[in-house]
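Just the heavy atoms: all of them, side chains too, but no hydrogens, waters or symmetry mates, feed the values below. Every chain is numbered from 1, with letters handed out A, B, ... down the list of sequences. From a predicted model like this one, the values you see are computed outputs, not experimental measurements.
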Amino acid sequence: MKAVELARNYDPKDFEERIYEEWKAKKEFAPSDSDKEHFSVVMPPPNVTGILHMGHALNNSLQDIIVRYYRMLGRPTLWVPGTDHAGIATQNVVERQLQKEGLRRQDLGREKFVERTWLVKEKHHDIIKKQLEKMGCSCDWDHERFTMDEGLSRAVREAFVTLYERGLIYKGKYLVNYCPKCGTALADDEVEYENVPGKLYDVRYPYADGSGYITVATTRPETMFGDTAVAVNPADERYTAVVGKELLLPLTDRRIPIITDSFVDMEFGTGMVKITPAHDPNDWECGRRHNLEAINLLNPDGTLNDNVPVKYRGMQAEEARKLVVEDLEKGGYLVKVTDHSHDVGHCYRCHTTVEPYLSEQWFVSMKSLADKALQAWRDGDIVFYPKRWENTYVHWMETIRDWCISRQLWWGHRIPVWYCNDCGKMIVSRTDPDECPDCHSHSLRQDEDVLDTWFSSWLWPFSTLGWPDRTPDMERFFPTNTLVSAYDIIFFWISRMIMASEEFIGKAPFHDIVITGLVRDIQGRKMSKSLGNGIDPIEVIDRYGADAMKFTLCYLAAQGQDVMIDMDSFRLGSRFANKIWNATRYLLMNIEGRNLVEVERSSMTVMDRWIYSRFNDAARTISEAMAGYRFNEAAQAIYSFFWNDFCDWYIEASKGRLLHGSDAEKDVQVSILMDILEKSMRLMHPFLSFITEEIYQKLPNHKGDVISSSYPLYDAALSDPEADSLVSLLQEAARLVRAARAGLQIAPEKKLRVVIRTAGRTPSAAFMEEEAGLLASFMSASSITVDTDGSEDIKGAMPATGPGFEAFIFVREAIDVEQEVKRLEGEIKKNEALLEGTMKKLSNDNFLSHARAEAVEKEKSKKAEFEDKIQKAREHIELLRSF
RNA sequence: GGAGGAUUAGCUCAGCGGGAGAGCGCUUGCCUUACAAGCAAGAUGUCACAAGUUCAAUCCUUGUAUCCUCCACCA
């Protein structure tokens, strides 16, 4: 064979992009025709507004690892990519653009505005796709979808109309969360509560009959114009006498009654609460119980409307508050003002204070949907990794409230409801109607609102596969297998997908739900634009490469724990990739003139059998880890196998045979090295995709591409405990001598004679004798003599004790006796402490009678070992002193 | 108020009912037939605290402390 040249330096830029293009050209990401069980994953669709952040990088890296792994196991594997139209967020982006041009969306009109939003969508989509490609995501771009494309829009209509037909969608006037800035209603979970300092105002409300006054406490005095009652707790004896009396609402001429309601907390404030049904969720409920009028005080833009006295009209709430407080004070109604911090709802998109707002909206009745989703969990159809998230899921499902799905936006799926302008008939339809079924009028108008973005994303696992049609993709790839997502969208998305899937198809949409942690900065803060502490995945890739990024994230992604990283963190993966590169470069230099041969197991050395055994162990660890989505364990197994076992020991050990062996021996050595290297590329490919492909193609023994090769699995025949224990003995001996040399600062080029004394002709003695040359090179020894009968003269040598042997190093000229004695005394002390612990157990009858037999045996052998070490160390001190 | 997580080396974090681990950083010595982004050796820990269970606890139980999430409520 000819030597293959690998570039002197590992530079991912040399090949990552090229290889991705090759994969795409060869349709490697398309599912195979195999009739094995399918494996499918849908990508959580990124918002088409933004660019991808580190959270996406983590999420998609893990998906890519899973998908590549199952693909290599031979299963027809499909990873569906796509993007989400992200109603509010995207509309905000476009509105902000318009604002810069001094325009509002109303100036453009609905049609023009939506057109323009599509352009923005296209632009961002291209960026996102490019980013996913740079990361190396092996998703099938031929299956890419967008939540507003034609097929998915049809799915949305199908879902809406079906739910309507089942009586699970209704329209009504309710108090909803409303963002005045976005101009739309929000779902309950789209509101983020934040503790803000505020004031609590105690205000006097006089009795209408002039017999005095009561005091109520409020944080929002400007809403008093919407008060329609004052409530006290029915059990509150302080107020029993006044219940039913009328009050005069200050600054107005309205009269309101005192009522009782048990939601009132007697302990808080005065125990009297003003009831403003149109502007507080509790008051709204209270108002419904007592048939109180709900007076809406707000215009859609958040300014006060005509239901307030003239002087406050058109003001923003906060502005009006100051004035109302002033006026209350002037009128002698204000008792006191105290500081009071409380949680205030904010819009999760624009962070404006959310107003409870009375308006007509569409809702999904959630109870029955949630029941089915809970049942799916009880039946074991869905499993969370880690399991603890199941509590969160169950709790949310059990306390679910109806879902407000209408949004007063222009960007999104228009609600498929029409009204007849002539007879007022409401038409809910899968297709656009052109005639009223009742009066046959052609004058119809469609509902102005659009649906909540999540109303399309909750269909994602099946709408992307062609639902509501029974497409081949649906038949073949649904239900999907695994969903990978961060915990912050369990409610928004994961739970709802399960509900939708159970409702429309009667099956869970996926079986395994892998919940990742969030990516945080090194100080533990969530990465965010406003803090400016985010790390751009593209910057990481430009600096370290996509493999380094994926491997690092995988290595750090322990079971749902948050991942704290900074730019430097990625050096971990980068160093590892560099190591792989250099090891390969070295090995490929050595194939010049060699022939690959079949190596019979019977002709292998212990070292050869050992490296296969180690490889085999790694393969087992990885498949076990992957089965439980323990990515960090898999990454660690790869790292320690390739670096510690293969590079540090096996390749080092092979150098002797490569340099001094016969041609036949060299051929055998190179063949084994190439075999392990080839298998390693397959083993590592899901975790380091580009570099393994680049290398694999250059191996003399490769077949095709690594991406479509088979994944190495555990093979009981390769397991070799004997080789494992013999080699670890050898490693132990090497370490012992190295440590002794290092302790005495003996230069490596100074080769010293070493005698290894064993207790008789043991298997390890035979092994060390056989591998004396290897031992000598690991120990930088001039010669190794294995002494099985104590006949060697070890006078003047420095001793060291290993498990089952003693090593004597002839270091006479270099040795500092006192320093060495000190070290040995330290060793005695350490072993005495260990012995003490063991003795404590062994002298304890309870231990002897209760502990497992193996545990007792282990303690006994430990005792012997410690005693032996102490004994030997004492002898060694004697020996040194006798020099 | 409810739920969950974290607390292990200087830093970031694994781990586990039976002699405390990794990476980075640090110290020392080495440019050894790939890799100085490397090799070899080394130092550093009341495994947060306190009780309990157990023959045995860093690990299980219960409390405490500190930190962090989420949910609910807050007139």
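- Here the P atom of nucleotide B:C55 and the CG atom of A:D845 are 13 Å apart, to the nearest Å.
- When heavy atoms are screened at a 4.0 angstrom cut-off, A:E859 is found touching the sugar-phosphate backbone but no base atom.
- Contact annotation for A:V563: no contact, since no heavy-atom pair falls under 4.0 Å across all strands.
- Taking atom P on both B:G29 and B:U8, the two are 33 Å apart, rounded to the nearest angstrom.
- Both tests pass for A:K655 against the ring of A:Y586: distance under 6.0 Å to the centre and angle within 45° of the axis.
- Across all strands shown, B:U46 remains unpaired; no Watson-Crick or G-U wobble contact has both distances below 3.5 Å.
- Nearest-nucleotide positions on RNA chain B place A:Y10 closer to the 5' end than the other of A:Y10 and A:P281.
- If you take atom C1' in B:A3 and the same atom in B:G23, they sit 34 Å apart, rounded to whole Å.
- Ranking B:C13, B:C71, B:A34 by closeness to the A:R585 side chain, first place goes to B:A34.
- With salt bridges taken as basic N to acidic carboxylate O contacts below 4.0 Å, one links A:K698 and A:E694.
- Distance A:F570 CZ to B:A37 P: 21 Å, rounded to the nearest Å.
- Within the cation-pi definition used here (under 6.0 Å to the ring centroid, within 45° of the axis), A:R204 qualifies as a partner of A:Y213.
- Contact check on A:E859 versus A:K862 returns a salt bridge, with a Lys/Arg side-chain nitrogen under 4.0 Å from an Asp/Glu carboxylate oxygen.
- B:A72 and B:U66: their C1' atoms are spaced 24 Å apart (whole Å).
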Extract from the structure each pairing of a protein N or O with an N or O of nucleotides 5-10 of chain B at less than 3.5 Å, listing the distance.
none

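- Across every strand in view, B:A3 sits in a pair with B:U69 that passes the Watson-Crick or G-U test at under 3.5 angstrom.
- Between the CZ atom of A:F641 and the C1' atom of B:A22 there is a distance of 19 Å, rounded to whole Å.
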Atom pairs, protein N/O to nucleotides 39-42 of chain B N/O, distance under 3.5 Å:
unit_1 : atom_1 : unit_2 : atom_2 : d
B:C39  : OP1    : A:K579 : NZ     : 3.1
B:C39  : OP1    : A:W643 : NE1    : 2.5

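- Among the heavy atoms of the strands lying under 4.0 Å from A:F491 are primed sugar atoms or P, OP1, OP2 only; no base atom is included.
- A:Y544 approaches A:M567 most closely through the heavy-atom pair CE1-O, 3.4 Å.
- Taking the C1' atom of each, B:U62 and B:G25 are spaced 39 Å apart, rounded to whole Å.
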Pairs: protein N or O with nucleotides 56-60 of chain B N or O, under 3.5 Å:
none

Show your reasoning for whether salt bridge (charged side-chain N to carboxylate O under 4.0 Å, His left out) applies to A:K863 and A:E867. CA-CA 6 Å; A:K863 170 177 178 265; A:E867 283 175 345; 3.5 Å; yes
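- Environment of NE2 in A:H395: sparse, with no more than 12 heavy atoms of neighbouring residues, nucleotides or ligands closer than 6.0 Å.
- In this structure, B:C39 and B:G29 make a Watson-Crick or G-U wobble pair, each of the two defining distances being under 3.5 angstrom.
- With a 3.5 Å ceiling on both atom-pair distances, B:A9 lacks any Watson-Crick or G-U wobble partner.
- Classification of A:K840 and A:E836 as a salt-bridged pair fails, no side-chain N sitting under 4.0 Å from a carboxylate O.
- Within the 4.0 angstrom heavy-atom criterion, no nucleotide atom of any strand lies near A:I275.
- Residue contacts shown for A:R741 are absent, as no nucleic acid heavy atom lies under 4.0 Å away.
- Between the CH2 atom of A:W396 and the CZ atom of A:R401 there is a distance of 11.0 Å, given to the nearest 0.5 Å.
- At whole-Å resolution of the value, CG in A:D11 and C1' in B:A37 are 13 Å apart.
- Counting any heavy atom pair closer than 4.0 Å across all strands shown, A:E865 reaches a base atom.
- A donor-acceptor contact closer than 3.5 angstrom is absent between the side chains of A:K750 and A:S780.
- A distance of about 33 Å separates the C1' atoms of B:G45 and B:C35, rounded to the whole Å.
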Kindly indicate, with the supporting measurements, whether the criterion side-chain contact (heavy atoms from CB on, under 4.5 Å) is fulfilled by A:H290 and A:D261. CA-CA 9 Å; A:H290 297 276; A:D261 196 295; 2.8 Å; yes
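- A:E832 and A:K829 are not joined by a salt bridge, as no carboxylate oxygen comes within less than 4.0 angstrom of a charged side-chain nitrogen.
- Rounded to the nearest Å, the gap between the P atom of B:C26 and that of B:G21 is 23 Å.
- Put simply, CD on A:E192 is 14 Å from C1' on B:C71, counting in whole angstrom units.
- Residue A:R401 places its side chain closer to B:A72 than to any other of B:C71, B:A14, B:A72.
- A salt bridge links A:D189 and A:R496; the closest N-O separation between the charged side-chain nitrogens and carboxylate oxygens is under 4.0 Å.
- Between the OH atom of A:Y193 and the P atom of B:C73 there is a distance of 6 Å, rounded to whole Å.
- A 3.5 Å limit on both hydrogen-bonding distances identifies B:G18 as the Watson-Crick or G-U partner of B:C55.
- Taking atom CD on A:E398 and atom P on B:C71, their separation rounds to 17 Å, with Å as the unit.
- Nucleic acid contact class of A:L572 (heavy atoms, under 4.0 Å, all strands): sugar-phosphate only.
- In this structure, the CG atom of A:D568 is 12 Å from the C1' atom of B:U12, given to the nearest Å.
- The aromatic rings of A:W649 and A:F778 stand perpendicular to each other, their planes meeting at an angle above 60°, with 30° marking the opposite boundary.
- Note on A:R630: nothing from the nucleic acid sits closer than 4.0 angstrom, heavy atoms only.
- The separation of B:C70 from B:U27, taken at their C1' atoms, amounts to 45 Å, rounded to a whole angstrom.
- Between the OG1 atom in A:T692 and the CG atom in A:L677 there is a gap of 11.0 Å [rounded to 0.5 Å].
- Here the nucleotide nearest the side chain of A:N391, chosen from B:C55, B:G4, B:A72, is B:G4.
- Among the protein residues, A:N578 comes within range of the nucleic acid bases, having at least one heavy atom under 4.0 Å from a base atom.
- Across B:A22, B:A14, B:G18, the shortest atom-to-atom separation from the side chain of A:Y555 is found for B:A22.
- Taking atom C1' on both B:C24 and B:G38, the two are 16 Å apart, rounded to the nearest angstrom.
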